[in-house]
Amino acid sequence: MHIIHTIAEMRSWRKQAKRVALVPTMGNLHEGHLSLVRTAKAYADSVVVSIFVNRIQFGAGEDFDKYPRTLEQDAEKLKAAGADAVFAPDESELYPNGVQSYFVEPPAIQNELCGRSRPGHFRGVATIVTKLFNIVQPDVACFGKKDYQQLAVIKGMVQDLNMNVEIIPVEIERAQTGLALSSRNGYLSAQEQVQAAQLFAQLQNIADAIKLGNTNFSALENSAATYLQQNGWQVDYIEIRQAQMLAKAQISDKNLVILAAAILGTTRLIDNIEVNLSH
Ligand code: PAF
């Protein structure tokens, strides 16, 4: 497995590769990332995993500085998972002037859901993903459904800007408790790890109720939020949306997604569950 640190090396590696899949990550890899790699292998001859903690998608007071940088362990895991190359550039390689002057600006959805409390986050994500696509020139790129809004923003960007990359959505990996795997789970205490499963349990309750015909979406959202608040969570949002473009859900919609973000202790967790009523 090649470990590549510069754009020039990455481009020269790309020239000799055939069909390439990219798995963009910020490192601190867990089983969720490795499932992206396994999926990617089915779509291409070679898999490149990028590892870059992208400053411009973190807001003031977010965890950019404390975000774990674990390149050595990550490389071991990726080698075992069968990745062909790791692209792990320094900041000076991707942001040589220290700042980014040109950005990819997503539409209004960037200010909803997670975007309400993370202004500029999706602009930072869309910009770095575009830079990675320009450098790696992948045929396909895999993104986890755990970051559902991120996936929607990237799918929209690729479509709207005619980018020649196929986006492959990959299912969420969960712990036995139901907790969605995330690099940020490492911030949770042992007790919080157990309690964190309440978030998915509430999403499941809403999904079950919708499948049984309950269309009072706001009551479902409110009762899940109240339960979490009573159990010590600070709820950012719990919302039922249309699965495709994340517009507000209507009673007649068949493809829904229930999305949530909530803070347990000092850790902000996100999760979601899709509900398909068409069969
Ligand atoms: O999902 C992530 O880890 C990041 O947002 C991404 C897509 C690698 C961009 O920095």
Side-chain angles (χ1 to χ4, degrees), residues 4 7 10 20-37 39-40 47-59 62-71 73-75 77-78 81 83 85-91 93-95 100 103-106 109-110 113-115 117-136 138 140-158 161 163 165-173 180-187 259 261 267-272:
I4 298 171
I7 295 171
M10 186 67 241
V20 168
L22 171 66
V23 178
T25 80
M26 297 202 301
N28 193 25
L29 304 180
H30 50 68
E31 199 43 46
H33 296 108
L34 302 180
S35 101
L36 295 177
V37 174
T39 303
V47 175
V48 183
V49 179
S50 63
I51 297 183
F52 181 67
V53 185
N54 176 38
R55 184 186 292 275
I56 66 164
Q57 71 186 71
F58 287 78
E62 289 188 353
D63 55 347
F64 174 76
D65 288 326
K66 77 165 181 171
Y67 202 90
R69 274 91 167 157
T70 53
L71 183 57
Q73 296 94 306
D74 290 346
K77 291 178 189 169
L78 292 173
V86 175
F87 177 48
D90 283 342
E91 273 206 298
E93 191 69 12
L94 287 191
Y95 299 119
Q100 180 74 12
F103 291 89
V104 178
E105 196 71 49
I109 185 65
Q110 71 163 320
L113 302 166
C114 281
S117 55
R118 305 191 72 189
H121 170 69
F122 291 107
R123 179 174 100 142
V125 169
T127 303
I128 189 65
V129 169
T130 301
K131 284 161 77 82
L132 292 169
F133 286 177
N134 287 340
I135 295 163
V136 177
V140 304
C142 296
F143 291 87
K145 286 192 188 179
K146 155 105 183 340
D147 296 295
Y148 206 90
Q149 189 176 6
Q150 167 172 285
L151 176 63
V153 164
I154 289 165
K155 281 197 292 195
M157 172 183 88
V158 164
L161 296 180
M163 293 179 169
V165 184
E166 186 187 351
I167 302 301
I168 312 291
V170 181
E171 293 304 326
I172 299 175
E173 289 286 317
L181 298 191
S182 161
S183 300
R184 290 191 168 98
N185 293 352
Y187 300 150
L259 305 116
T267 309
R268 187 175 183 279
L269 298 175
I270 59 170
D271 202 351
N272 67 80

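One-based numbering, in listed order, for ligands and for the atoms of each. Bear in mind the structure is a predicted one, so any value in this text is a computation, not a measurement. What's counted below: heavy atoms across the whole structure, side chains too, no hydrogens, waters or symmetry copies.
- For atom 5 (O) of ligand 1, the nearest non-hydrogen atom of the protein is Q150 OE1, 2.7 Å.
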I'd like to know whether Y95 forms a side chain to side chain donor-acceptor pair (under 3.5 Å) with N54, so could you lay out the CA-CA distance, the side-chain angles of the two residues, the decisive distance to 0.1 Å, and finally the verdict. CA-CA 10 Å; Y95 299 119; N54 176 38; 2.5 Å; yes

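- Relative to the ring axis of F52, K131 does not place its NZ or CZ within 45° and under 6.0 Å from the centre.
- Atoms of ligand 1 lying under 4.0 Å from at least one heavy atom of P24, given by number and element, are 8 (C).
- Residue T25 approaches ligand 1 through these ligand atoms, each under 4.0 Å from one of its heavy atoms: 8 (C).
- Taking every heavy atom of Q57 and a limit of under 4.0 angstrom, the matching atoms of ligand 1 come to 4 (C), 5 (O), 9 (C), 10 (O).
- Distance NZ/K155 to CD1/I167: 9.5 Å, rounded to 0.5 Å.
- One finds the SG atom of C142 at 8.5 Å from the CG atom of L22 (value rounded to the nearest 0.5 Å).
- Shown in contact with I128 at under 4.0 Å from a heavy atom are these atoms of ligand 1, numbered in order with element: 9 (C), 10 (O).
- The structure places CG of L36 at 11.0 Å from CD1 of I168, a figure rounded to the nearest 0.5 Å.
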